[in-house]
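First the structure, in the form of structure tokens, and then the observations on it.
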Amino acid sequence: TQVEDQQRLLTAHESFVRSEAAVLLEPVRRGCDSLIEEWRLFCIKEKSIYATLNLFEGNMNLRANCWYPEAEEDQIRAMLIQNSSSQHGHSSAMLVSDRTPPRKQPPTYIRVNEFTSIF
């Protein structure tokens, strides 16, 4: 009868949903997060990437302003050159220092180490 068919359909659907939920909750690999947790982390990373990209200005050439420690300027410049050269001409990045006095107060920079990183 129609009621029995609907009951079988409902039972089959519940079984399907439970099995799919079990797949999502199982760890993908031993010692790793579940599939749904990996999806959640992926979405958080993507959201932060797009939030950062939205801070850039320009169409073809993207430009962003940022604060960095003056002592690390050479290291940052070298890292940008190294990463740009490894892209085989597909992209490049450069650091343009702006030596004008800032309009805003620079952020407090506190170098962290193994002991202070938990604070």
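The structure presented is a predicted model; accordingly, all values stated were derived computationally and were not measured.
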(request) List in chain and number order the residues that pass side chain to side chain donor-acceptor pair (under 3.5 Å) with Asn54, two or more places apart in sequence or in another chain; answer none if no residue qualifies. (result) none
Hey, can you pull the donor-acceptor pairs under 3.5 Å for the side chains in residues 43-50, sequence neighbours left out?
unit_1 : atom_1 : unit_2 : atom_2 : d
Ser48  : OG     : Ile44  : O      : 3.4
Ser48  : OG     : Lys45  : O      : 2.8

(request) Report the residues that fulfil salt bridge (charged side-chain N to carboxylate O under 4.0 Å, His left out) with Asp74, sequence neighbours left out, ordered by chain and then residue number. (result) none
(request) Quick one: pull up NE2 in His13 and CG in Leu9 and give me the separation to the nearest 0.5 Å. (result) 8.5 Å
Tabulate below the donor-acceptor pairs under 3.5 Å that side-chain atoms of residues 26-38 make, not counting sequence neighbours, or state none.
unit_1 : atom_1 : unit_2 : atom_2 : d
Ser34  : OG     : Glu37  : N      : 3.3
Glu37  : OE1    : Arg40  : NE     : 3.1
Glu37  : OE2    : Arg40  : NE     : 3.4
Glu37  : OE2    : Arg40  : NH2    : 2.8

(request) Report the hydrophobic cluster partners of Ile76, with the cluster defined as I, L, V, M, F, W, Y residues connected by side-chain heavy atoms closer than 4.5 angstrom, directly or transitively. (result) Tyr68, Leu80, Leu95
(request) Could you list who else is in Val23's hydrophobic cluster, with ILVMFWY side chains joined at under 4.5 Å, directly or through other members? (result) none
(request) Could you grab the distance from atom CD of Glu14 to atom OG1 of Thr11, nearest 0.5 Å is fine? (result) 6.0 Å
(request) Can you sort out the partners of Glu72 under salt bridge (charged side-chain N to carboxylate O under 4.0 Å, His left out), two or more places apart, ordered by chain and number? (result) Arg111
(request) Mind checking the CD-CZ spacing from Glu73 to Arg77? Nearest 0.5 Å is all I need. (result) 4.5 Å
(message) Using the salt bridge (charged side-chain N to carboxylate O under 4.0 Å, His left out) criterion, which residues pair with Arg18? Sequence neighbours excluded.
(response) none
(message) What verdict does the side-chain contact (heavy atoms from CB on, under 4.5 Å) test give for Leu24 and Glu20, after you've listed the backbone C-alpha separation in whole Å, the side-chain angles of each residue and the deciding distance to 0.1 Å?
(response) CA-CA 6 Å; Leu24 291 175; Glu20 289 297 311; 5.6 Å; no
(message) Among residues at least two apart in sequence or on other chains, which ones pass side chain to side chain contact (heavy atoms under 4.5 Å, CB included) with Gln6?
(response) Gln2
